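What follows is a set of notes on a single structure, which appears directly below.
Here the structure is a predicted model, which means the values were calculated and not measured.
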Amino acid sequence: MAKSYKIAVMPGDGTGPEVTAEAVKVLKVAGEKFGFTLDMTEFDFGGERYMRTGETLPDSAVEELRKFDSILLGAIGHPDVAPGILEKGILLKARFELDQYINLRPVKLYPGVPTPIKDKGPEDIDFVVVRENTGDLYSGAGGFTMKGTPQEVAIQSSVYNRFQVDRCLKYAFEYAKKHGKKAQGKGNNNTLALCGKTNVLTYVYDLWERAFHEMGKAEYSDIARDYYHVDATCMWFVKNPEWFDVIVTGNMFGDIITDLGAMIQGGMGIAAGGNINPEGVSMFEPIGGSAPKYTGQNVINPLAAICAGQMMLETLGQEQAGKKIEDAVKFITANKLDGLGAGKMGYSTTEVGDLVAEKVAE
Ligand code: IPM
Ligand code: MN
């Protein structure tokens, strides 16, 4: 019998449903081609539901989501809902409750895609960020005193324990071993770089740095180790992106540097990521937001959502199908699209989905 996966689909807000529909289209074709089925269940969590019911992601839904093999998310964010409510109530809640402790964000420039970095091409912009996804400034530790007075104090703490750091490093070293540049036949080394700020954050990144070298020395002596401060990381992303292979970092720096990464790989239309619990249920999403102003116009770029679907298949163990989708996306960017921006592709959202689906079916 064909292998079957139970997938929860959360299209979410704005253009989320449009891009998710294209990802689903491509995933179904990949399933037919590679002999597996995807049993999809849709959930309507997002801004509209919140305004109707006051519910973000209830605990009962989290329990429901635990029963799936994977989750595909469109976008969360609604112009009529105050910032933070949906982000914390849905996206961060899913990440934390399902303990998706890795946020895997590849930064790959595909052929034919314009990058704002002069004189750099696909061979130069090709690395992966392993962002820790549960701790740091996202831990929620903090508070106000004397709120609303001129003496008001606000504190928001970066929190990490050794367990969180070690499990993230373990994933990153293993990832570098399997998918680093040497493993891919693209270089002499598999390299893992730690991105931190050891000159100022002398507690949290001291812990990261010690744990990084301890694990590297003891278990991964064949993986080269680099270290960059986060500000320098931004500088080198622009100046010498070819230096990077696999980068591991905390939650906050990972959030920031992956938006820069998304821009150098051609923008939010193409950047995808996975919130991964290697032992549990993972959730894949385009990195870009809900883009409300483009909603319902059939102009938004679905490639990031399609690439999120690709990452989902790879994580489920359908590597060949994932590779086929990636190759199809590369073919489309190299040969078909005028650009990656909304309304600038030379094709509509659904047409781009069709183009990829046709190529996957070949
Ligand atoms: C991201 C987003 C989220 C984050 C927001 C929406 C909470 O920026 O996925 O990078 O900060 O993690
Ligand atoms: Mn972000």
Just so I know, are the side chains of [X] and [Y] near enough to count as touching, which here means a heavy-atom distance under 4.5 Å?
X	Y	result
T295	E18	yes
F173	R225	yes
L192	M215	no
D126	Q265	no
M263	M268	yes

Taking atom types as modelled, find out whether [X] and [Y] have a side-chain donor-acceptor pair closer than 3.5 angstrom.
X	Y	result
H179	Q184	no
Q318	Y5	yes
S4	T37	yes
N275	N133	yes
S158	D136	yes
Q156	Y138	no

Test salt bridge (Lys or Arg N to Asp or Glu O under 4.0 Å) applied to K344 and D338, step by step: CA-CA 7 Å; K344 303 210 170 78; D338 295 343; over 6 Å; no
Hey, quick one: are [X] and [Y] part of the same hydrophobic cluster, counting side-chain heavy atoms closer than 4.5 Å, chains of contacts allowed?
X	Y	result
V352	L340	yes
V113	L260	yes
I270	I306	yes
L313	V128	yes
F237	Y110	yes

Looking only at heavy atoms, what is the nearest atom pair of [X] and [Y], with distance?
X	Y	answer
A61	L57	CB-CD1, 3.8 Å
T198	Y227	N-OH, 3.0 Å
Q310	G322	CG-O, 3.2 Å
A262	A271	CB-CB, 3.6 Å
R66	V281	O-CG2, 3.5 Å
I264	P116	CA-CD, 4.2 Å

Hey, what's the ring geometry for Y171 with Y175, parallel, tilted or perpendicular (30° and 60° as the breaks)? parallel
Indicate yes or no for a side-chain donor-acceptor contact from [X] to the backbone of [Y] under 3.5 Å, with no hydrogens or angles considered.
X	Y	value
E48	D44	no
S290	T15	no
N298	T349	yes
T233	C195	no
S221	K217	no
E314	M311	no
S282	N277	yes
D13	G77	yes
T258	G261	no
S139	G135	no

Count the heavy atoms belonging to other residues, nucleotides or ligands that lie under 6.0 Å from [atom1] of [X], then report whether that count exceeds 12.
X	atom1	result
D39	CG	yes
K120	NZ	yes
K330	NZ	yes

Salt bridge check: are [X] and [Y] linked by an N-O gap of less than 4.0 Å?
X	Y	value
K181	E242	no
K93	D59	yes
K67	E64	yes
D231	K197	yes
R162	E214	yes
D222	K177	no
K323	E326	no

Establish, for the pair [X] and [Y], whether the NZ or CZ atom is under 6.0 angstrom from the six-membered ring centre and no further than 45 degrees off its axis.
X	Y	value
K359	F331	yes
R210	Y160	no
K6	F68	yes
R131	F253	no

Assess whether side-chain contact (heavy atoms from CB on, under 4.5 Å) is satisfied between L91 and M283, documenting all intermediate values. CA-CA 10 Å; L91 185 61; M283 177 170 77; 3.9 Å; yes
Quick one, V230 with I257, criterion side-chain contact (heavy atoms from CB on, under 4.5 Å). Give me CA distance, side-chain angles, the key distance, then yes/no. CA-CA 8 Å; V230 62; I257 68 172; 3.9 Å; yes
Mind running side-chain hydrogen bond (donor to acceptor under 3.5 Å, both in side chains) on E132 and T134 for me, showing each step along the way? CA-CA 6 Å; E132 201 288 329; T134 63; 2.6 Å; yes
Could you walk me through whether K170 and E219 pass salt bridge (Lys or Arg N to Asp or Glu O under 4.0 Å), step by step? CA-CA 9 Å; K170 181 98 206 158; E219 297 173 56; 2.5 Å; yes
side-chain contact (heavy atoms from CB on, under 4.5 Å) with F127: which of T191, V107, V246, D245?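 Exactly one pass, corresponding to V107.
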Residue from L355, D327, L27, I325 passing side-chain contact (heavy atoms from CB on, under 4.5 Å) with V360: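 Of the listed options, the one satisfying the test is I325.
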Within the 6.0 Å centroid threshold, strictly below: Y228 and F244: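 Ring-ring flag for Y228/F244: true, centres closer than 6.0 Å.
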For a side-chain contact (heavy atoms from CB on, under 4.5 Å) check, start with the C-alpha distance between Y101 and N251, then their side-chain angles and the critical distance, and finish with the verdict. CA-CA 10 Å; Y101 61 87; N251 206 347; over 6 Å; no
Contacts of type salt bridge (Lys or Arg N to Asp or Glu O under 4.0 Å), residue D226, not counting sequence neighbours: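 Partners of D226 under the salt bridge (Lys or Arg N to Asp or Glu O under 4.0 Å) test: none.
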What verdict does the side-chain contact (heavy atoms from CB on, under 4.5 Å) test give for M10 and L72, after you've listed the backbone C-alpha separation in whole Å, the side-chain angles of each residue and the deciding distance to 0.1 Å? CA-CA 6 Å; M10 301 190 356; L72 185 66; over 6 Å; no
Could you grab the distance from atom CG of N199 to atom CG of L201, nearest 0.5 Å is fine? 8.0 Å
